[in-house]
Number of protein chains: 2
Amino acid sequence: MMGVAVRGREILAVAEQLFADRGFDGVSMQQIAEGAEVSKANIYHHFQSKEALYLAVLKHAFEDMKVLLNDLQQGDELSVDQLARFSAEHLRDLHAKSTVTRLILRELLDGDGSRGRLLAEQVFAEYFELLRNLLVQCQSRGEVRQDVDVDHMAAALVGLNVFLFQAWPAMKHLPDAAFDDQQTSGAKMFALLYRGLLPAGEEAAHA
Amino acid sequence: MMGVAVRGREILAVAEQLFADRGFDGVSMQQIAEGAEVSKANIYHHFQSKEALYLAVLKHAFEDMKVLLNDLQQGDELSVDQLARFSAEHLRDLHAKSTVTRLILRELLDGDGSRGRLLAEQVFAEYFELLRNLLVQCQSRGEVRQDVDVDHMAAALVGLNVFLFQAWPAMKHLPDAAFDDQQTSGAKMFALLYRGLLPAGEEAAHA
DNA sequence: GTCTATAATGAGATAGAC
DNA sequence: GTCTATCTCATTATAGAC
């Protein structure tokens with residue numbers, strides 16, 4: 001994955017497009033080879049198997065976000081700013097790579113569950129770990145509550161954005177609703193998650 | 001929708017199954033007629049058009065939740081309990097009607113956007129309005145913060161559950177993650193949304 | 001007509017030359 | 001790194017017997 005050279009990138013790009021259009025089974029190695037203008041055997045030089053190529057396509061989509069998460073953790077911003085930036089960039093990224101985002105979401109809907117495990121272990125795990133680290137750091141500074149595990153915090157952060165990405169085509173048409181644009185709505189929902197539904201100072205009354 | 005009689009229900013049930021399996025275009029009225037053991041003309045007696053039948057199938061999935069929302073608003077529970085109950089029931093409902101849930105999510109992914117408007121106006125609008133009313137009531141009692149619009153609150157409540165429903169097949173396989181079962185995770189994420197990421201009492205410092 | 005044996009196809013994957 | 005040629009295997013025709 002690291003040393004994937006010039007032709008490797010070309011193959012990856014073609015495969016991404018084809019997989020996104022027709023799904024894993026809908027694409028043959030021959031078609032990818034023709035699209036990338038290489039031989040089928042050459043693809044196998046770069047990628048162990050069709051499945052490995054597929055996973056590489058999915059993993060590729062998370063590279064930018066991994067870099068961002070590392071940067072955020074190195075920096076010394078307030079937790080709220082780190083998390084807000086992550087949330088905003090994450091939403092932007094979902095759209096920048098919308099073909100792959102759709103591919104993954106469709107995979108989750110169709111899959112028989114065995115694909116789910118593969119996605120989790122081979123694609124999401126590393127990314128999820130980075131997000132978890134960031135949240136642990138925020139907790140250790142005392143800027144994020146410590147009585148909730150970071151796993152659910154991470155899921156909520158990602159989940160709100162994914163929902164926004166997916167449901168927007170319908171949300172934006174809801175009558176009388178205050179949804180202007182996705183970035184703004186994303187920011188509002190992040191703020192909601194950060195500060196809670198509960199009014200400030202009411203914590204003790206319900207805890 | 002109200003006066004849909006015996007045969008209407010049967011048609012609805014068959015149509016739901018077929019649409020969920022093969023999508024709108026993948027099913028003919030003839031096939032639905034055969035499945036429900038009625039004539040094609042009889043379907044048109046109950047439903048104006050194929051599209052009307054389709055929308056009826058989708059709307060049908062929200063009936064239970066509408067009843068629950070009305071009940072919650074009539075009752076006199078604390079807001080936190082009303083919302084927690086809605087959230088838990090909503091997640092349960094997504095699973096109880098998982099075929100339709102998947103159908104809608106796939107629709108949102110595939111759609112060219114024109115379907116999105118239809119879904120919003122014909123299917124979600126009424127349901128969304130009820131949820132909004134509940135939240136307004138919670139706000140007016142002062143038990144839910146008033147500086148965030150109810151639209152985004154409603155979206156966040158629904159969104160976390162939808163994400164959980166969809167991503168679970170992968171989430172449950174994330175290594176070292178504390179996701180036990182969906183209902184429990186749903187409750188944890190609701191609690192997070194309700195109380196916020198921010199530790200109690202820190203509001204003033206960042207507001 | 002139906003059944004079964006046999007080709008023919010097209011998929012993923014490998015070997016070995018250049 | 002790239003190619004041609006080949007292998008294995010599953011699916012899909014298609015014979016030709018019954």
Side-chain angles (χ1 to χ4, degrees), chain A residues 1-67 70 96-128, chain B residues 17-35 37 98-99 102-103 105-107 109-110 166-175:
Chain A
M1 239 61 53
M2 287 294 281
V4 172
V6 194
R7 277 292 163 76
R9 263 191 260 280
E10 178 64 18
I11 293 168
L12 213 53
V14 170
E16 175 180 322
Q17 189 58 53
L18 290 176
F19 281 139
D21 287 349
R22 308 179 216 169
F24 183 80
D25 292 327
V27 180
S28 74
M29 291 298 259
Q30 186 58 44
Q31 292 171 317
I32 297 169
E34 285 164 10
E37 295 178 312
V38 296
S39 73
K40 209 167 55 163
N42 187 260
I43 299 182
Y44 282 96
H45 172 73
H46 289 288
F47 304 94
Q48 269 204 331
S49 65
K50 184 180 181 183
E51 192 164 76
L53 170 58
Y54 187 62
L55 288 176
V57 165
L58 299 184
K59 278 186 183 179
H60 176 70
F62 286 81
E63 290 309 315
D64 292 347
M65 279 290 101
K66 285 187 198 164
V67 172
N70 268 317
K97 292 148 182 162
S98 65
T99 54
V100 183
T101 305
R102 279 170 211 278
L103 182 60
I104 291 176
L105 288 175
R106 216 172 276 131
E107 184 100 350
L108 287 170
L109 277 178
D110 296 342
D112 53 351
S114 68
R115 268 281 206 285
R117 181 178 207 122
L118 209 67
L119 280 173
E121 294 173 353
Q122 302 297 315
V123 182
F124 301 144
E126 198 182 336
Y127 170 75
F128 190 71
Chain B
Q17 189 59 52
L18 291 176
F19 282 138
D21 288 348
R22 307 177 219 170
F24 183 80
D25 292 328
V27 179
S28 70
M29 290 296 260
Q30 186 57 45
Q31 292 171 318
I32 297 170
E34 285 165 10
E37 296 177 312
S98 64
T99 53
R102 279 169 210 278
L103 183 61
L105 289 176
R106 215 171 275 133
E107 183 99 350
L109 277 179
D110 297 342
Q166 189 166 9
W168 188 257
M171 282 175 69
K172 71 174 174 196
H173 287 119
L174 279 172

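The sequence lines fix the lettering, A, B, ..., with proteins before strands; numbering per chain opens at 1.
One interatomic measurement links the two molecules: CG of A/Asp25 to C1' of C/dG10, which rounds to 14 Å at whole-angstrom precision. Atom pair A/Glu37:CD and D/dC3:P shows a separation of 10 Å (rounding to whole Å applied). Taking atom CG of A/Asn42 as the reference point, atom P of D/dA5 lies 16 Å away to the nearest angstrom. Residue A/Glu34 contributes atom CD, which lies 13 Å from atom C1' of C/dA11 at whole-angstrom precision. Between A/Leu53 atom CG and C/dA13 atom C1' the separation is 14 Å, expressed in whole Å. Between the CD1 atom of A/Ile43 and the P atom of C/dA11 there is a distance of 13 Å, rounded to whole Å. Going from atom CD of A/Gln48 over to atom P of C/dT14 covers 8 Å, rounded to whole Å. Taking atom CD of A/Gln30 as the reference point, atom C1' of C/dA13 lies 13 Å away to the nearest angstrom.
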- Item | Verdict with supporting geometry, A/Phe124 and A/Phe62, ring-ring contact (aromatic ring centres under 6.0 Å, His included) | CA-CA 8 Å; A/Phe124 301 144; A/Phe62 286 81; 5.8 Å; yes

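Regarding contacts with the backbone of C/dT14, every side-chain N or O of A/Tyr44 stays at 4.0 angstrom or more from both OP1 and OP2. In this structure, A/His45 does not reach the C/dT14 phosphate: none of its side-chain N or O atoms is under 4.0 Å from OP1 or OP2.
We find the NZ-CG distance between B/Lys172 and B/Leu174 to be 12.0 Å, quoted to the nearest 0.5 Å. For the atom pair A/Ser98 OG and A/Leu105 CG, the distance stands at 11.0 Å (nearest 0.5 Å).
In this structure, of C/dA15, C/dG12, D/dG1, it is D/dG1 that holds the atom nearest to the side chain of A/His46. Out of D/dA5, D/dG1, C/dA11, the shortest distance to the side chain of A/Ser28 is found at C/dA11.
Within a 6.0 Å sphere centred on CD of A/Glu34, other residues, nucleotides and ligands contribute more than 12 heavy atoms.
Within the nucleic acid shown, A/Ser39 comes within 4.0 Å of at least one base atom, counting heavy atoms only.
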